[in-house]
Amino acid sequence: MLANSLIVLDFETTGLSPVQGDRAIEIGAVKLENGIVCDRFQALMNPGQPISPFIESYTGISNQMLAKAPSCQQVMTDFAAFIDGSNLLAHNASFDARFLNSEFDRIGETVRGEFACSLLLARRIYQQAPNHQLGTLIDYKNIAANGRFHRALFDAEMTAQLWLIMLQELNTGYGIENISFSFIKRLAKTPKAKVNALLASYTSKDVNY
DNA sequence: TGCCAGGCCCTCTTTAGGGCCTT
């Protein structure tokens, strides 16, 4: 079942590319079970390098805050225990997956769960949205947002709420129930012009697709 | 708000280019 034990996560980082030496500075995540947030994880981590004024401004996380934070190794070890092989979700998952893989590589961990992407799904089912940035979609769907975007836990919470709304609308709009994780991934990879046809053709046999 | 990268996805495409997303 899709909503069972799904970890929604978000990284704040020193930049865009771990290949270029960028590191994680904060991880936030919520655990969804049966459509309900049942656990949370949040931690700043010291990347061992100063962050730029741009990142300080963008995230509200300062070098002073990170100087007091535990190491990436310590935090990511704790986070590996938190996710424990669950399937994963993020907004623009390719970005978070790169950093999760990079930070896990450094501590000898591997990502065992599968990743889904709320951005790809939103681009399919909200084709009329002004754009598909997380903040825009939260506003577009009138989801209550009391917090600061670009902090990891808040973005993870908002991504989780957006995800649940999308599942609910797939249910009410297309009669799709008990949708599988793999069907959502299939939907996210379907060309936009063929999304409606796929949804209209959905049958119960797709539950375990 | 920009740069760095990479995946997705569209189009005046596929022998390519550029916008959108993430920090």
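Please read these numbers as outputs of a predicted model, since none were measured by experiment.
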Determine whether more than 12 heavy atoms belonging to other residues, nucleotides or ligands lie under 6.0 Å from atom CD of A:Gln73.
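Count not over threshold, so no.
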Spatial distance of atom CG (A:Leu32) from atom CD (A:Gln161) [nearest 0.5 Å]:
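Atom-to-atom, A:Leu32:CG and A:Gln161:CD are 8.0 Å apart.
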Starting at atom [atom1] of [X], determine the distance to atom [atom2] of [N], rounded to an integer number of angstrom.
{"X": "A:Lys189", "N": "B:dC8", "atom1": "NZ", "atom2": "P", "value": "8 Å"}
{"X": "A:Arg151", "N": "B:dT23", "atom1": "CZ", "atom2": "P", "value": "13 Å"}
{"X": "A:Glu56", "N": "B:dT1", "atom1": "CD", "atom2": "C1'", "value": "16 Å"}
{"X": "A:Arg23", "N": "B:dA5", "atom1": "CZ", "atom2": "C1'", "value": "17 Å"}
{"X": "A:Asp10", "N": "B:dT23", "atom1": "CG", "atom2": "P", "value": "5 Å"}
{"X": "A:Glu12", "N": "B:dC21", "atom1": "CD", "atom2": "P", "value": "18 Å"}
{"X": "A:Leu88", "N": "B:dT22", "atom1": "CG", "atom2": "P", "value": "18 Å"}
{"X": "A:Leu137", "N": "B:dC21", "atom1": "CG", "atom2": "P", "value": "8 Å"}

Using heavy atoms to find the nearest nucleotide of DNA chain B for A:Thr190 and A:Phe11 separately, return the residue whose nucleotide is more 5′.
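Closer to the 5' end of DNA chain B: A:Thr190.
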On DNA chain B, nearest-nucleotide positions of A:Leu16 versus A:Ile55: which is more 5'?
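In this pair, the answer is A:Leu16.
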Separation of the [atom1] atoms in [N] and [M], to the nearest angstrom:
{"N": "B:dC20", "M": "B:dG2", "atom1": "P", "value": "11 Å"}
{"N": "B:dG18", "M": "B:dC12", "atom1": "P", "value": "15 Å"}
{"N": "B:dG17", "M": "B:dT23", "atom1": "P", "value": "29 Å"}
{"N": "B:dG7", "M": "B:dT1", "atom1": "P", "value": "27 Å"}
{"N": "B:dC10", "M": "B:dC3", "atom1": "P", "value": "24 Å"}

Going by atom types only, do A:Thr13 and A:Asp22 share a side-chain donor-acceptor pair under 3.5 Å?
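Distance-only check fails for A:Thr13 and A:Asp22.
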So if I take every side-chain heavy atom of A:Ser94 and compare against B:dC21, B:dC4, B:dG7, which nucleotide ends up nearest?
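Comparing B:dC21, B:dC4, B:dG7 against the side chain of A:Ser94, the answer is B:dG7.
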Closest non-hydrogen atom pair between A:Glu12 and A:Thr59, with its separation:
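Reported closest heavy-atom pair: OE1-CG2, 3.5 Å.
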Can you list, in residue-number order, the parts of residues 96-123 of chain A that come under 4.0 Å of DNA chain B, counting heavy atoms only?
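Result for residues 96-123 of chain A: A:Arg98, A:Leu120, A:Arg123, sorted by number.
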Base, sugar-phosphate, or nothing: which does [X] touch, judged by heavy atoms less than 4.0 Å apart?
{"X": "A:Lys192", "answer": "sugar-phosphate"}
{"X": "A:Ile25", "answer": "nothing"}
{"X": "A:Ala188", "answer": "sugar-phosphate"}
{"X": "A:Thr59", "answer": "sugar-phosphate"}

Do you know which of A:Phe82, A:Phe115, A:Phe41 makes side chain to side chain contact (heavy atoms under 4.5 Å, CB included) with A:Leu9?
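Answer to the side chain to side chain contact (heavy atoms under 4.5 Å, CB included) test with A:Leu9 among A:Phe82, A:Phe115, A:Phe41: A:Phe115.
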So, OP1 or OP2 of B:dC21: does either fall under 4.0 Å of a side-chain N or O from A:His132?
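So the side-chain polar atoms of A:His132 do come within 4.0 Å of the phosphate oxygens OP1 or OP2 of B:dC21, strictly under.
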Given B:dT23, is OP1 or OP2 found less than 4.0 Å from the side-chain N or O atoms of A:His150?
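Checking A:His150 against B:dT23: at least one side-chain N or O falls below 4.0 Å of OP1 or OP2.
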Just by modelled atom types, is the A:Leu198 backbone N or O under 3.5 Å from a matching donor or acceptor in the A:Ser201 side chain?
yes
Let me see the working for A:Tyr174 and A:Asn196 under side chain to side chain donor-acceptor pair (under 3.5 Å), right down to the final yes or no.
CA-CA 10 Å; A:Tyr174 297 90; A:Asn196 283 337; 3.2 Å; yes
Working for salt bridge (Lys or Arg N to Asp or Glu O under 4.0 Å), residues A:Asp10 and A:Arg151
CA-CA 8 Å; A:Asp10 182 71; A:Arg151 284 301 299 267; over 6 Å; no
